[in-house]
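Only one structure is covered here, and it is reproduced in the block below.
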Amino acid sequence: MDSPIPFLDLNLLPDPSTAVMAAATSPKSATINSSVNKFVETGRLLTPKLEPKLEPFDDVYQTPVTQQSQPVQERFLSSTSSNFFSNSDFARTPFSDQNHHPFSQSSSISSDKDSVYSEFYRISQLFRTAFGKGSQSNGDVEVVDPDSRAIVPVPDENHMSTMVVSKRRYDKRSSELVRVTDLGVDDQRYFRDVVRRTRMVFDSLRVLSMPEEEKSSGLIRRLRSDLRASSLMRERGLWLNRDKRIVGSIPGVHIGDLFFFRMELCVVGLHGQAQAGIDYVPASQSSNGEPIATSVIVSGGYEDDEDSGDTIIYTGHGGQDKFSKQCMHQKLEGGNLALERSMHYGIEVRVIRGMKYAGSVTSKIYVYDGLYRILECWFDVGKSGFGVYKFKLLRIDGQAEMGSSILRFAENLRSKPLSLRPSGYLSLDISMKKEAVPVLLFNDIDNDQEPLYYEYLVGTVFPPFAFHQSGSGTGCSCVSGCVHDCFCAMKNGGEFAYDQNGCLVRGKPIIFECGPFCQCPPQCRNRVSQKGLKHRLEVFRSRETGWGVRSLDLIPAGAFICEYAGVVLTREQAQVLSMNGDTLIYPNRFSDRWAEWGDLSQIYSNYVRPSYPSVPPLDFAMDVSRMRNVACYISHSTSPNVLVQFVLYDHNNLMFPHLMLFAMENIPPLRELSIDYGVADEWSGKLAICN
DNA sequence: GTATAGTCACTTTG
DNA sequence: CCAAAGTGACTATA
């Protein structure tokens, strides 16, 4: 019998992907010994209590590295304007006086209280109030013009109706510049949840405002569903971090987090510019009249950029024609000036990389890569012969592995796993080709090989009587694929649970996929989870969570991951087995995370959580003691990135649904997956997984 | 068929 | 109130 390991919440641990590329030179861990990720009952399972802790305002502000603060325009223009346009000899001359180079004096932090940067202060719990409700201080809500009214779909429990939402005048972003430091564990978890919830709303709105397939009226609308989603959220005050301008990391956003849209960056406050690559507090709002940069996006849109990971030569903005060709000299203004001022004061900037991502669509993804310092700034001749500003950025030490390099590593790992990780692989497919894509087994920290000793189970084994039920032979007759009002759509309450890409649109108590009794083809949109794995998964050994699971591919939010498979036992059978100490899963104990997915109650006051089709309390257990699949190695978290959704397809017996796992966020490659296994039952003390 | 170039409709900020 | 920042979805072309 396994000995249970102490409960560890994945989210309290450093991102395991940071260790991915570390060399496999570590002492053996003899204490971790668990085949399934289980946990013992502890008080830490329950809701964290948020204890406000106020930090003194005074002693925590940051001061400029250089005490003297010359008027910047004067300083710059006087030192450069003479040779600015004389072209021939743009030397590599840093604008900053060497004596005042930020890094040369960065250790000397003055405590000058009259410093222009006294508004930098540590803030912890102040943000808590600011976050939750969208921090509206707007008394003036008004309709700007009657034509700017938007008709938006409003989901109610069974169908879509419409309502009219008027556009409002928005608040400007705050000018208050702050840095958030020393967040406690509870705070981190809180902000993570807020960010995740916000991104879920964004995704739901985006998917809901996508055009449905037909639209045969000939009126082809180009619909930017990302813009629609963000503007709806803005109307509701759901954009994050608008009441403070945060320099440094954004609470709840981790290094390596992935975004598919620029507007998504705006919504969470990671980067506030819809198009521009440099975000900054403008001089007009800054307390000392100097602009300060907060974040940059390295998108590859400037020919003079040189990105080598930890160091970046970043080109300032401007000087391009509408065809993105340099056509004139850049000026030291706007974001360019802000970057220079940030360098002057030694203030870090967030770096987001826009990268082409092979797979899915040909679009870009944005990766948050952490904080960088600006080392140098100079004026140079660009490739096109026009003057450009260049900034040398250096990544600050001690941060988690860059998301962009993990992406690249994972991409290479796809084609040549053994040459990139010559040791550690125990198996290149523990499913022995039973799954559509391989499930790898990796352990580079100890000698445990346990997952090799189980028979691989692709799908849950139900008792024969589960199939003997009246009505189990009915299905749709959509020979050419299901349409929106077909029989199977009706079974699901009149709408399909999945979008055209097979992503879960809204969680439901249970989903009816098309099955063997339906006439529709295999590529029907209502067949998703029954087709098995799409993303390559890897069971891996971790010092913190025992065995864990991660993906080698990017898993987009809402995508199906895998089934949680086992051998179904009735209550009586389970009682016998549990006395023998076998490992059982109790499906009814998983938290109802499906309810969060697609929850638009923050947008629509009349939103009701789907309650149809209803599902009776589940009264079975699953045995995974001999046969199991990849899912039972997934770790527990109270802030999980994977949800459990009940699905039926091969029979219609509501008592015995499949447990299907879907991504709750964009899960980067090599990041550990986690499920909320539920909290201990107050009376029995039992958990989803029990011995 | 697949990559690339071009075109168009957008939004927020300072 | 407007200029400036560039994307994302689509269409045409190589």
Side-chain angles (χ1 to χ4, degrees), chain A residues 144-145 147-148 150 167-175 177 202-203 205-207 209-211 213 215 218-235 238-242 245 259-286 289-303 305 314-339 341 352-366 388-389 500-501 556:
Chain A
V144 173
D145 96 62
D147 288 334
S148 64
K167 290 196 175 173
R168 298 160 189 204
R169 174 187 288 171
Y170 308 119
D171 283 344
K172 280 198 163 182
R173 285 208 285 183
S174 158
S175 61
L177 200 54
F202 179 87
D203 266 332
L205 288 173
R206 194 174 55 77
V207 171
S209 56
M210 300 252 264
E213 60 263 54
K215 215 58 193 168
L219 180 73
I220 304 135
R221 272 193 312 171
R222 259 177 216 173
L223 197 72
R224 289 284 300 269
S225 49
D226 54 323
L227 301 181
R228 300 252 311 183
S230 65
S231 73
L232 262 174
M233 292 183 72
R234 195 171 180 186
E235 286 165 17
L238 292 175
W239 285 29
L240 267 26
N241 298 311
R242 295 189 58 81
R245 297 292 298 259
F259 303 81
F260 285 103
F261 299 93
R262 284 289 291 255
M263 291 314 290
E264 208 176 352
L265 302 173
C266 294
V267 170
V268 301
L270 194 60
H271 186 84
Q273 300 287 340
Q275 297 188 202
I278 306 170
D279 194 15
Y280 61 101
V281 180
S284 61
Q285 292 183 42
S286 175
E290 298 179 30
I292 296 297
T294 53
S295 57
V296 298
I297 297 185
V298 189
S299 260
Y302 283 82
E303 59 193 7
D305 281 356
Y314 188 79
T315 312
H317 61 191
Q320 293 188 333
D321 59 17
K322 61 180 84 164
F323 212 61
S324 295
K325 282 274 172 226
Q326 294 297 142
C327 63
M328 55 189 279
H329 301 296
Q330 292 185 343
K331 296 186 180 119
L332 191 63
E333 59 187 23
N336 299 349
L337 179 58
L339 276 174
R341 289 288 83 190
I352 299 121
R353 278 190 173 78
M355 341 173 39
K356 271 243 165 71
Y357 185 71
S360 68
V361 269
T362 54
S363 65
K364 243 179 196 174
I365 58 175
Y366 298 94
V388 293
Y389 282 89
Q500 298 297 334
N501 301 317

Hey, is the side chain of A:R228 poking within less than 4.0 Å of OP1 or OP2 on B:dA9, counting only N and O atoms? no
For residues 270-277 of chain A, run the donor-acceptor check on the side chains, cut-off 3.5 Å, and write out each pair with its distance to 0.1 Å, sequence neighbours left out.
{"residue": "A:H271", "atom": "ND1", "partner": "A:S295", "partner atom": "OG", "Å": "2.8"}
{"residue": "A:H271", "atom": "NE2", "partner": "A:A276", "partner atom": "O", "Å": "3.0"}
{"residue": "A:Q273", "atom": "NE2", "partner": "A:D279", "partner atom": "OD1", "Å": "3.2"}

With heavy atoms under 4.0 Å as the rule, sort A:S299 into base, sugar-phosphate or nothing. sugar-phosphate
Could you check how far CZ of A:F323 sits from P of B:dT4, rounded to whole Å? 15 Å
Mind listing the closest non-hydrogen atom pair of A:Y302 and A:Q330 along with its distance? CE2-NE2, 3.8 Å
Can you see if the side chain of A:R242 gets near the phosphate of B:dT13 - specifically, an N or O under 4.0 Å from OP1 or OP2? yes
Please check the phosphate of C:dG8 (OP1 and OP2 only) for any side-chain N or O of A:Y366 closer than 4.0 Å. yes
Separation of C:dT7 C1' from A:R224 CZ (nearest whole Å): 5 Å
Can you find a side chain N or O atom of A:K364 that sits less than 4.0 Å from OP1 or OP2 on C:dG8? no
Could you tell me how far apart A:H271 (NE2) and B:dG14 (P) are, to the nearest whole angstrom? 10 Å
Round to the nearest Å and state the distance from A:L227 atom CG to C:dA9 atom P. 9 Å
OP1 or OP2 of C:dG6 under 4.0 Å from side-chain N/O of A:Y302: yes
When the distance from NZ of A:K331 to C1' of B:dG14 is rounded to whole Å, what number comes out? 16 Å
Do the side-chain N or O atoms of A:Q273 get closer than 4.0 angstrom to the phosphate oxygens (OP1, OP2) of B:dG14? yes
Give me the ring orientation class for A:Y280 and A:H317: parallel if the planes are under 30° apart, tilted from 30 to 60°, perpendicular past 60°. perpendicular
Could you work out which one of B:dG14, C:dG6, B:dT12 sits closest to the side chain of A:R234? B:dT12
Just wondering, do A:W239 and A:M263 contact through their side chains at under 4.5 Å, heavy atoms? yes
What nucleotide among B:dG14, B:dT12, C:dT7 has an atom nearest to a side-chain atom of A:P282? B:dG14
Euclidean distance, atom CE of residue A:M263 to atom P of B:dA9 [Å, nearest integer]: 19 Å
Please give, in whole Å, the distance from C:dA5 P to A:D279 CG? 15 Å
Just to be sure I understand the rule, does A:G318 reach a base, reach only the sugar-phosphate, or reach nothing, if contact means heavy atoms closer than 4.0 Å? sugar-phosphate
For residues 266-276 of chain A, the salt bridge (Lys or Arg N to Asp or Glu O under 4.0 Å) pairs (sequence neighbours left out) are none
Which is true for A:G272 with a 4.0 Å heavy-atom rule: it touches a base, it touches only sugar-phosphate, or it touches nothing? sugar-phosphate
Between P of C:dG8 and NZ of A:K356, the distance in whole Å: 11 Å
